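Shown next, in structure tokens, is the structure this report addresses.
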Amino acid sequence: MEEKEVVSKNFIEQIIEKDLEEGKYETICTRFPPEPNGYLHIGHAKSILLNYGLAQKYNGKFNLRFDDTNPTKEKVEFVESIEEDVRWLGADWEDRLYFASDYFPQMYEAAVKLIKKGKAFVCDLSAEEIRQYRGTLTEPGKNSPYRDRSVEENLDLFERMKNGEFEDGTKVLRAKIDMASPNINMRDPVIYRVAHMEHHNTGNTWCIYPMYDFAHPIEDAIEGVTHSICTLEFEDHRPLYDWVVRELEYPHPPKQIEFAKLYLTNVVTGKRYIKKLVEEGIVDGWDDPRLVSIAALRRRGFTPESIKMFVDLCGVSKANSSVDYAMLEYCIREDLKLKRPRVMAVLDPLKLVIDNYPEGQTEELEAPNNMENEALGTRMLPFGKELYIEREDFMVEPPKKYKRLYPGNEVRLMNAYFVTCTGYEADDEGNVTVVHCTYDPATKGGNAPDGRKVKGTIHWVSAQDHVKAQVRLYENIIDEEKGVYNEDGSLNLNPNSLTVVENCCLERSLKDARAYDSFQFVRNGFFCVDARDSREDALVFNRIVSLKSSFKLPAK
Ligand code: ATP
Ligand code: MG
């Protein structure tokens, strides 16, 4: 049966196409609206690529807007890191970079407009009283005693709020909607509060700040956003979003659409846990390669393409679900396997001496950079009498199925010759220190003219001509599913989350590897030069991912 590729549209694309067909909007505009209060993570990548992808697909616009309306938690440092991450993912906002705080004057005017329409009032109840008046899911709320203030009084009080005449927490501006609404968000929500705080962008210009539910629809409307895509927890806020854009009479009101957050399993994603790991120095920063912030994934060696593939595979849905970290690993393997050179690196070196190789002789052997992708060309490998092989590729007394080196056995040295093990040396404790072998000069290139076969192929580097490097191997640091804390309250850390391997021997071609360069180290995985710690004369590589996986793509 011939397989047909079915390209089904996700529910957001269906909504957009209907809106365009019906002429509701001429073109679309989406946005990514991060609050600059932390580093972006893989979940944000989904939101970024979704919003940018839709704008691309429908020839629309994509805005990067910092939702910086809450001065308590926001920092310029985060603005810079977020821009870098969004750019790295390939989401191009062109000249459409906005800050919600630039709209504070319009937001103030919008509030005044609501007051004038009798749709907002200044309330003197304390935060605690407002909570009590709000009612519960099963009981309606009660009207505030200040609800019926006149428009004039409200205008006067709101202006004085702005002028700094009132202390924090003594007055708020509330939308006048319906205290009996079954949706608690519609029970006269607070839309402005007094907060004498300095803002990273507007300084001390304002001492009143708008609440998210009021500010966000205004930001969208001002920028001409058509489809305001957010995560599911805002579903219950949508009636308020619609109320704000309706009451403010925007000619082309934006539309809020919710989708399910992306959850990754087997990794730590919670911001507060990551913060703890950073503050306690357990990881070396927000970009520690064991984390899944975008900066950490980049440093580990993930590519934007692999993250895009991952996000596409996850799809867009209304149902919360979680995805295994193994799927992200699958994506990076798929992305790199044809793109990157496959080189030889010995992580745990053991000396191999070819006793019948002429003393003092060396030669250069040509090897393909990627057997599955000829376009990557070839390189020359230095070869000689003394090599390093992986310690685990030799055994004195091998188990039955072992195909690598052991006394009497012949194997292929990758890209080089057949060698037969003739013996070994060991220290007083029985640790093997040197393996001896002979080579067959007729097998140059890795094939025997007489057609004889060998079962094992092992990798190697020249003992004389190689580069040393530190290699870091990673496992997940905390598994949120298994519990973040131990019974005694300490963090439940995986003791094997980082293994530092010193003095690995890498083939000569890696000596010029620089930050973010990545390679397949044959049989060991994909590795990337650490952008923070690697030096020209002291290379450091991160293992991005091993080569093997039990992960299977879910059937479509
Ligand atoms: P967190 O609390 O995890 O840091 P956030 O929602 O507070 O996330 P924001 O800066 O407010 O972070 O989010 C910016 C955008 O990213 C929002 O539109 C939000 O819906 C989206 N987003 C955040 N987390 C995820 C996620 N896990 N999956 C998809 N989108 C997400
Ligand atoms: Mg947030």
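Just so you know, ligand 1 is whichever comes first in the structure, and atom 1 is the first atom listed for that ligand. For the single chain, residues carry numbers from 1 onward in sequence order. Every value quoted in this text rests on a predicted model; they were computed, and no experiment measured them.
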Exercise for the section: Check F259 against ligand 1 and report side chain, backbone, both or neither, counting heavy atoms closer than 4.0 Å. Expected result: side chain
Handout entry: P34: numbered ligand 1 atoms lying under 4.0 Å from its heavy atoms
Key = 10 (O), 14 (C)
Handout entry: Contacting atoms of ligand 1, where contact means under 4.0 angstrom from a heavy atom of E35
Key = 9 (P), 10 (O)
Practice task
Output yes when D533 and R299 qualify as a salt bridge under the 4.0 Å nitrogen-oxygen rule, no when they do not.
Solution key: yes
Practice task
For ligand 1, indicate whether the residue Y263 contacts it via side chain, backbone, both or neither (heavy-atom separation under 4.0 Å).
Solution key: neither
Problem - Electrostatic pair E233-K261, nearest N-O below 4.0 angstrom - result: yes
Handout entry: Electrostatic pair R31-D220, nearest N-O below 4.0 angstrom
Key = yes
Exercise for the section: Examine K271 against ligand 1 and note whether any of their N/O atoms are separated by less than 3.5 Å. Expected result: yes
Problem - NZ/NE/NH1/NH2 to OD/OE distance under 4.0 Å, R131 and E128 - result: yes
Handout entry: Presence of salt bridge, K308 and D312, under 4.0 angstrom
Key = yes
Problem - Contact (N/O only, under 3.5 Å) between H44 and ligand 1 - result: yes
Handout entry: Contact check: P33 vs ligand 1, nitrogen or oxygen atoms, below 3.5 angstrom
Key = no
Problem - Heavy atom of F32, distance to ligand 1 below 4.0 Å - result: yes
Problem - Ionic contact status for K318 with E235, cut-off 4.0 Å - result: yes
Handout entry: Close N or O approach (H41, ligand 1; < 3.5 Å)
Key = yes
